[in-house]
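In what follows, a structure is listed as structure tokens, so that the remarks can point back to it.
Note that the structure is predicted; figures quoted are calculated from it, not measured. To find a chain, count down the sequence lines: A is the first, B the second, and so on, and within it residues start at 1.
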Amino acid sequence: MTTERYNPKEAESRWQQAWDQGETFKAVRDENKPKAYVLEMFPYPSGRIHMGHVRNYAMGDVIARTKKAQGYAVLHPMGWDAFGMPAENAAMERNVNPRDWTYENIATMRGQLKTMGLAIDWSREFATCDPAYYKHEQAMFLDFIKAGIVDRRESMVNWDPVDNTVLANEQVIDGKGWRSGAVVERKKLTQWFLRITDFAEDLLGALDGLDGWPEKVRIMQQNWIGRSEGARFSFDIVGNSDDQTGNQTSDQKIEVYTTRPDTIFGASFCALSPDHPLTAELAETNRDLKAFVEECRATGTSEEAIQRAEKRGFDTGLKVAHPFDPAWELPVMVANFVLMDYGTGAIFACPAHDQRDLDFARKYDLPVTPVVIPEGESADSFDVGDEAYTGPGVMGNSRFLDGMTTDDARAAVIDKFERDNKGTREVNFRLRDWGVSRQRYWGCPIPVIHCNDCGTVPVPKQDLPVTLPDDVSFDRPGNPLDHHPTWKHTDCPTCGKAAVRETDTFDTFIDSSWYFARFTSPHADEPVNAEDARYWMPVDNYIGGIEHAILHLLYSRFFCRAMEKAGHFHLPEPFKGMFTQGMVNHETYKAADGSWVLPQDVLTAEDGGLSLADGSGVTACGIEKMSKSKKNVVDPTEIIDTYGADAARLFVLSDSPPDRDLEWTDAGIEGAFRYINRLWRLVAAPSHNLADQDGDRPADLSDAATTLLKNLHKTIDGVTGDLNGFRFNRGVARLRELTNGYEAFKEEEDSAGLVRRETLSALIRMIAPMMPHLAEEMWDALYQGAAPSLVSDAPWPAVDPAFLVDDTITMPVQVNGKRRDEVTIAADADEDTIRDAALAAPGVAKQIDGLTIRKTIIVPGRIINIVAN
RNA sequence: GCGGGCGUGAUGGAAUGGUAGACAUAACAGACUUAAAAUCUGUGGGCCGUAUGGCCGUGGGGGUUCAAGUCCCCCCGCCCGCACCA
């Protein structure tokens, strides 16, 4: 034994080696054990790990280690989400090869993660940019084509005319490309799509069964899928054959979708999307309309831009007839707020009951007729002013609907449409098909070949993978695959003639939509080995940031369904349990000139004033998410170097509830480090040699020993629940309470050593998921080097129920709801005894003197309340 | 606009409708020390009181209940997501 201060640096690397050599965390299928698949969202290899990673992986590690101790076969793997734009940006900025850059980053970050001492089966590691991985992704895509899950079609995209690439919505800032600054255009492009909307109903319905997910995430997905019930029907175009107006069109009618068929008699006009085919047709002969459409497209597609855009329209001059009254003509407008890719791209507007329609109608002086009359109003006098009425009511001004409720009217209109063969009931989803083409180099090549004669031909499976060329240059804009001298030129697999490869690559969200399944059989010759998947899937605890609540999780859910449909494996849902962790924040400061200042450079004067070393003033700017630009990042490597991995892990686990944001503080990490040393002293102190304190507990324990053992077993009971329930901060608090109790135990009688030994042994096993290195070191010290196993292989401590119950309990006594005293009484005392004791308590007696007792409430084991007046 | 969450000491945070503030951080006082660090002990919501104790107190207002931080209604503030989806 030693009284030296704990040396995390030396101890941590020693135990990490021991785990490595013993293959302690190798995941092994064992049909005799329950399984636990613990997964944190795998990282993008950006270069270095950050505190968010530390928090994420520390949480997963606690779960993985706890489950292992509790007898589960545990799968806890790690890999790399390695395709993506930053590698190309690095290539452009620093003239490095994206592949080299990526694998160098992976090497660095793997090294950093290993210093955290995570219980990971590293033999399963892979990167999504490994051809051995994306080979299977390509094969699956071919299976998806066969299964009818893939489409190739035109769609509107955000196009950056300088970088010659499609931009995602989030890459469009104020209508400009985030990189080039060029005004983004809306452009039609032929793209590959995965038909996720085919699964919309199921993806929505199955959310109900995901009770291991945060409610928030389920609601977000529900809103994202956005199911709506309504009607699709047509307006006939009036005077279509009359070419005096110059409005002759090839279509005879305009098809619209609405969720409010009940408001059909409040119709004021129809509106087409600027991208509607009919709009395009009319624009050919109408220069003003053409100019209007172009203006709309220039507005950009970012949500913000669209929202700020004022409602604007263009009267086409075309008229349509009301479906229930051929004599009633309505104007056809083109309106910038009508979306082409929702419903039919055309609407009928009822301004009285839709705010957008109302804004538009007021601007262009179109009629506003209320047809839904709220309670207490009359059809003649009800006026909507500038605020549309969207609530329920009774129909008015609506001919055969008059007097019906909105719900009845809705059904009546659809029924009539269906009887008259004019329209149908229809369910629509806000969810769009998933466009997966990206005009980028650093992604998985889409395995198809374009042949002039045969069209689009899949690459034969035996020719997979289609790998990326290494010799690429980024000195001109656009996709390097497209201007590579040889790569895209190949022969058609069908006819043998010269053909070209698809030069688009997959959206990187595809890579992350099935990696969790690949982890179950990372070396298999097929995407996923069915037996392994059956055993390990679904992921029991999936942990990551809320920012992936929609896309990644929805795509992964879709992929499982698509893989099943394509004949891969049966798995309804990929993630049984889901946990979203909070961010890591840190204080920020600005200098007098407005530039950000490193927090460690800020000096605090005695009067609380802030300054830099040169005396210039500094302003505190609040607690913000760690980011390089705000200069408030804390490097995990430095922290681990100084305090050790265990202290870093303990701090990120103990300082805040895991789903809330964590504020990084120097005081906090120092406090964690102090606790680690305090724990170490429990075994390092020479006063108690516990190595040979083995054997049965004596029957007659002292009061102090009983108190300690009660503390211990209640702690085991509580901590077990806390860790499984992601209440890490509460679990740590309990362990500190137990530590306090242990230190307060001063007895020296014979049995004290046994009690100490029992307590410490359990305490060490309970801290092990959070502070694994320290736990191994303490375990080793407790057994003086002769431990029967690593603590990482030791079983979770068992609760002795005998110590969970108390013989006597202390209950507070309230008088009229206010605590006045407490009574200590036998746990099994009957109500009369409890009542008598409560009334006799001095603090109570004083209060009820002279009052009449009206009622006594006794909650067994909890509280006594005496109602008196 | 729609949806969700949060609001508790100086600070992070505890609290199946049942003793509000566990556990920690900062601070203060004391012990040890030549001194400091480390460590240990104590104080630690506000007000009144030497004290036993009393009153008030979980963003504000109302309600349900023997009992409300917790449940219900209204309001205020902050945070997050979605956002012209007809």
Problem set entry | Minimal non-hydrogen separation, A:F235 against A:P323, with atom names | CE2-CD, 3.4 Å

Exercise. With both distances kept under 3.5 Å, what pairs with B:rA29, Watson-Crick or G-U wobble?
Worked result: B:rU41

Seminar exercise, completed: In whole angstroms, the gap separating C1' of B:rA24 from CG of A:D666 amounts to 16 Å

For this session: Under 4.0 Å between any heavy atoms, over every strand shown, what does A:R734 touch: base, sugar-phosphate, or nothing? Just pick one.
Result: nothing

Exercise. Does OP1 or OP2 of B:rG54 have a side-chain N or O of A:R820 closer than 4.0 Å?
Worked result: yes

Exercise. Between A:E215 and A:A346, who's closer to the 5' end of RNA chain B by nearest nucleotide?
Worked result: A:E215

For this session: Identify the nucleotide, in any strand shown, that forms a Watson-Crick or G-U wobble pair with B:rA51, with both distances under 3.5 Å; if there is none, say none.
Result: none

Exercise. From B:rU25, B:rC23, B:rA24, pick the nucleotide closest to the side chain of A:E737?
Worked result: B:rC23

Exercise. Say you pick atom P in B:rA36 and the same atom in B:rA29; how far apart are they, in whole Å?
Worked result: 12 Å

Exercise. Could you state the CD1-C1' distance from A:I858 to B:rC66, rounded to the nearest angstrom?
Worked result: 12 Å

Problem set entry | Spatial distance of atom OG (A:S268) from atom CG (A:L330) [nearest 0.5 Å] | 7.0 Å

Exercise. Are side-chain heavy atoms of A:P331 and A:L366 found at a separation under 4.5 Å?
Worked result: yes

Exercise. Expressed in angstrom and rounded to an integer, what is the separation of A:L679 atom CG from B:rA24 atom C1'?
Worked result: 14 Å

Problem set entry | Nearest heavy-atom neighbours spanning A:V859 and A:M811 | O-CE, 3.6 Å

Exercise. Under 6.0 Å between ring centres, would you say that holds for A:Y342 and A:F429?
Worked result: no

Seminar exercise, completed: The single option from A:Q355, A:K363, A:R362 that satisfies side-chain hydrogen bond (donor to acceptor under 3.5 Å, both in side chains) with A:D359 is A:Q355

Exercise. Given the P atoms of B:rG59 and B:rU11, what is the spacing between them in whole Å?
Worked result: 13 Å

Exercise. When the P atoms of B:rG12 and B:rA67 are considered, how many whole Å apart are they?
Worked result: 32 Å

Seminar exercise, completed: Within residues 862-869 of chain A, those residues having any heavy atom closer than 4.0 Å to RNA chain B are A:R862, A:I863, A:N865, A:V867

For this session: Scan residues 808-818 of chain A against RNA chain B and write down, sorted by residue number, each residue with any heavy atom closer than 4.0 Å; if none is found, say none.
Result: A:P812, A:Q814, A:K818

Exercise. Considering only the C1' atoms, how many Å lie between B:rG45 and B:rA20, rounded to the nearest integer?
Worked result: 10 Å

Exercise. Base, sugar-phosphate, or nothing: which does A:N428 touch, judged by heavy atoms less than 4.0 Å apart?
Worked result: nothing

Exercise. Quick one: does A:V427's side chain get under 4.5 Å of A:R227's, heavy atoms only?
Worked result: yes

Exercise. CD of A:E822 versus C1' of B:rU52: gap in Å, rounded?
Worked result: 15 Å

Problem set entry | Watson-Crick or G-U wobble partner of B:rG3, both distances under 3.5 Å | B:rC80

Problem set entry | Rounded interatomic separation in angstrom, taking CD from A:E387 and P from B:rG1 | 10 Å

Exercise. With the threshold set at 4.0 Å, does a side-chain nitrogen-carboxylate oxygen contact exist between A:R218 and A:E215?
Worked result: yes

For this session: Give the nucleotide from the list B:rC82, B:rC23, B:rG54 with an atom nearest to the side chain of A:I550.
Result: B:rC82

Exercise. Do A:Y675 and A:F673 have their ring centres less than 6.0 Å from each other?
Worked result: no

Exercise. How would you label the contact of A:I857 with the nucleic acid (heavy atoms, under 4.0 Å): base, sugar-phosphate, or nothing?
Worked result: base

Problem set entry | Nucleotide nearest A:R674 (side chain, heavy atoms from C-beta), chosen from B:rG18, B:rG3, B:rU25 | B:rU25

For this session: Could you let me know what B:rU11 is paired to, Watson-Crick or G-U wobble, both distances under 3.5 Å, or none if it's on its own?
Result: B:rA24

Seminar exercise, completed: When A:Y257 and A:M220 are each assigned the nearest nucleotide of RNA chain B, the 5'-most assignment goes to A:M220

Exercise. So, A:R557 versus A:Q221: side-chain donor-acceptor pair below 3.5 Å or not?
Worked result: yes

Exercise. What is the distance, rounded to the nearest whole Å, between atom CZ of A:F337 and atom P of B:rA83?
Worked result: 18 Å

Problem set entry | Atom P, compared across B:rG63 and B:rU70: separation rounded to whole Å | 14 Å

Exercise. Does A:K216 have a side-chain nitrogen or oxygen under 4.0 Å from the phosphate oxygens OP1 or OP2 of B:rG5?
Worked result: no

Exercise. Is the centre of the A:F337 ring less than 6.0 Å from the centre of the A:F360 ring?
Worked result: yes

For this session: Might you work through the salt bridge (charged side-chain N to carboxylate O under 4.0 Å, His left out) test for A:K714 and A:D806, ending with a clear yes or no?
Result: CA-CA 11 Å; A:K714 284 177 182 175; A:D806 294 300; 3.0 Å; yes

Exercise. For A:G226, which contact category applies under a 4.0 Å heavy-atom criterion: base, sugar-phosphate, or nothing?
Worked result: nothing

Exercise. Do A:Y555 and A:W434 have their ring centres less than 6.0 Å from each other?
Worked result: yes

For this session: Using a 4.0 Å heavy-atom cut-off across all strands, classify A:S228 as base, sugar-phosphate, or nothing.
Result: sugar-phosphate

For this session: May I have the distance from A:F673 (atom CZ) to B:rU39 (atom C1'), rounded to whole angstrom?
Result: 14 Å

Exercise. Can you tell me if the side-chain N/O atoms of A:R819 get under 4.0 Å from OP1 or OP2 in B:rA20?
Worked result: no

Problem set entry | Interatomic distance at C1', B:rU19 relative to B:rC72, whole Å | 25 Å

Exercise. B:rG42 and B:rC48: how far apart are their P atoms, nearest whole angstrom?
Worked result: 27 Å

For this session: Assess whether ring pair (Phe, Tyr, Trp, His ring centres under 6.0 Å) is satisfied between A:Y257 and A:F233, documenting all intermediate values.
Result: CA-CA 7 Å; A:Y257 174 75; A:F233 63 96; 9.5 Å; no

For this session: Please measure how far the P atom in B:rC71 lies from the corresponding atom in B:rG5, and state the result in whole Å.
Result: 11 Å

Seminar exercise, completed: A correct 5'-to-3' footprint of nucleotides 10-15 of chain B, with B, S and - meaning base, sugar-phosphate only and no protein heavy atom under 4.0 Å, is --SSS-

Problem set entry | For atom CG of A:D386 and atom P of B:rG1, their distance in whole Å | 16 Å

Exercise. When you check the glycosidic angle of B:rG9, does it come out syn, meaning within 90° of 0, or anti?
Worked result: syn

Problem set entry | Nearest atoms (heavy-atom pairs only) where A:V372 meets A:H353 | N-NE2, 3.0 Å

